[in-house]
Amino acid sequence: MKYINFEEASDAVSDEIYMKEALKEAHKALEQGEVPIGAVIVSNGRVIGRGHNLTERLNDVTAHAEMQAFTAAANYVGGKYLHNCTLYVTIEPCVMCAGAAYWTQITRIVFGARDEKRGFSNLGYSNVLHPKTTLMRGVLEVECAGLITSFFRNKRIK
């Protein structure tokens, strides 16, 4: 068994570890026929919220992975603000999810692959995040992009 002391781990190592957790959530979405996007929220080295796309299952266009993770994390902390928390998400958040991140006042967002069509930064909404929120892009980008690309390629073949 391998133990990791997250307080001694570098940010890059921690980011990869937690992005792998977000990828696990994305695989859950894939298994359910959902667009494979996953998210986790971490506070003090602990995952306090998880989510994956549930838009088909719930018949709800707002049931994105990030929204599910925000709700779970808010329930965990007992409030709507996610100070000192990091959102890890496999794909760049859309405008809706970036806007929700603003209202949570989450400290940090880390995403894997860019979303060239619907990502908030590509749509001219680069200032939609809370002013104190920092952004990290490209963590496990190849794995994150590959999962979503293969999903849509398979959809087109069918």
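When atom types are taken as modelled, the side chain of E92 and the backbone of S121 share a donor-acceptor pair closer than 3.5 angstrom. Without hydrogens or angle criteria, T133 side chain to L129 main chain gives no donor-acceptor distance under 3.5 Å. Side chain of T90 to backbone of A22: no donor-acceptor contact under 3.5 angstrom is found. The closest donor-acceptor contact from the side chain of N53 to the backbone of T55 lies at 3.5 Å or more, if one exists at all. Judged purely by atom type and a 3.5 angstrom limit, H130 uses its side chain to pair as donor or acceptor with the backbone of K132. The backbone N or O of R57 sits less than 3.5 Å from a side-chain atom of E34, completing a donor-acceptor pair. Counting only distance, with no hydrogens or angles, the side chain of Y18 and the backbone of V89 share no donor-acceptor pair below 3.5 Å.
Contact check for E56 versus N59: no side-chain heavy atoms found under the 4.5 Å cut-off. Contact annotation: the side chain of L135 approaches that of F111 to within less than 4.5 Å [non-hydrogen atoms, C-beta and beyond]. Contact annotation: the side chain of L87 never approaches that of R108 to less than 4.5 Å [non-hydrogen atoms, C-beta and beyond]. Side-chain atoms of T107 and L82, non-hydrogen and from C-beta on, never get closer than 4.5 Å to each other. Annotation: side chain of I106 is not in contact with side chain of T86 (no heavy-atom distance under 4.5 Å). Residues T71 and Q68 form no side-chain contact, since every pair of their non-hydrogen atoms from C-beta on lies 4.5 Å or further apart. Taking the side chain as every heavy atom from C-beta outward, E16 and Y88 never approach each other to under 4.5 Å. The closest side-chain heavy-atom distance from V42 to C85 is not below 4.5 Å.
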Verdict with supporting geometry, L54 and Q32, side-chain contact (heavy atoms from CB on, under 4.5 Å): CA-CA 9 Å; L54 292 171; Q32 297 171 11; 3.6 Å; yes
Step-by-step salt bridge (Lys or Arg N to Asp or Glu O under 4.0 Å) determination, K28 to E31: CA-CA 5 Å; K28 288 179 187 177; E31 291 168 7; over 6 Å; no
Worked check of side-chain contact (heavy atoms from CB on, under 4.5 Å) between M19 and E143: CA-CA 10 Å; M19 188 59 74; E143 295 91 329; over 6 Å; no
From CA spacing to verdict: side-chain contact (heavy atoms from CB on, under 4.5 Å), L147, H27: CA-CA 8 Å; L147 184 60; H27 282 282; 3.7 Å; yes
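Considering every non-hydrogen atom in both A98 and V128, the closest pair reads CB-CG1, 3.4 Å. What you find for E25 and V40 is that their closest heavy atoms are CG-CG1, 4.3 Å. Here the closest heavy-atom approach between residue M136 and residue D15 is recorded as CG-OD2, 4.3 Å. Nearest approach of A63 to L58, heavy atoms of both residues: CB-CD1, 4.0 Å. Scanning both residues, E66 and P93, for their nearest heavy atoms gives OE2-CA, 3.4 Å. Annotation for G112 and C144: closest pair CA-SG, 3.9 Å, computed over non-hydrogen atoms.
Rounding to the nearest 0.5 Å places CG of N84 at 6.5 Å from OG of S43. Atom NZ of K80 and atom CD of Q105 lie 8.5 Å apart (nearest 0.5 Å). Rounded to the nearest 0.5 Å, atoms CZ (R50) and CD1 (I41) are 11.5 Å apart. Once rounded to the nearest 0.5 Å, the distance linking CD1 of I148 with CD1 of I37 reads 4.0 Å. Here the straight-line distance linking atom CZ of F120 with atom CG of D115 works out to 11.0 Å at 0.5 Å rounding.
The hydrophobic clustering, which links ILVMFWY residues whose side-chain heavy atoms are closer than 4.5 Å, places Y102 and V95 apart.
A salt bridge between R114 and E141 is absent, with no side-chain N of the basic residue lying under 4.0 Å from a carboxylate O of the acidic one.
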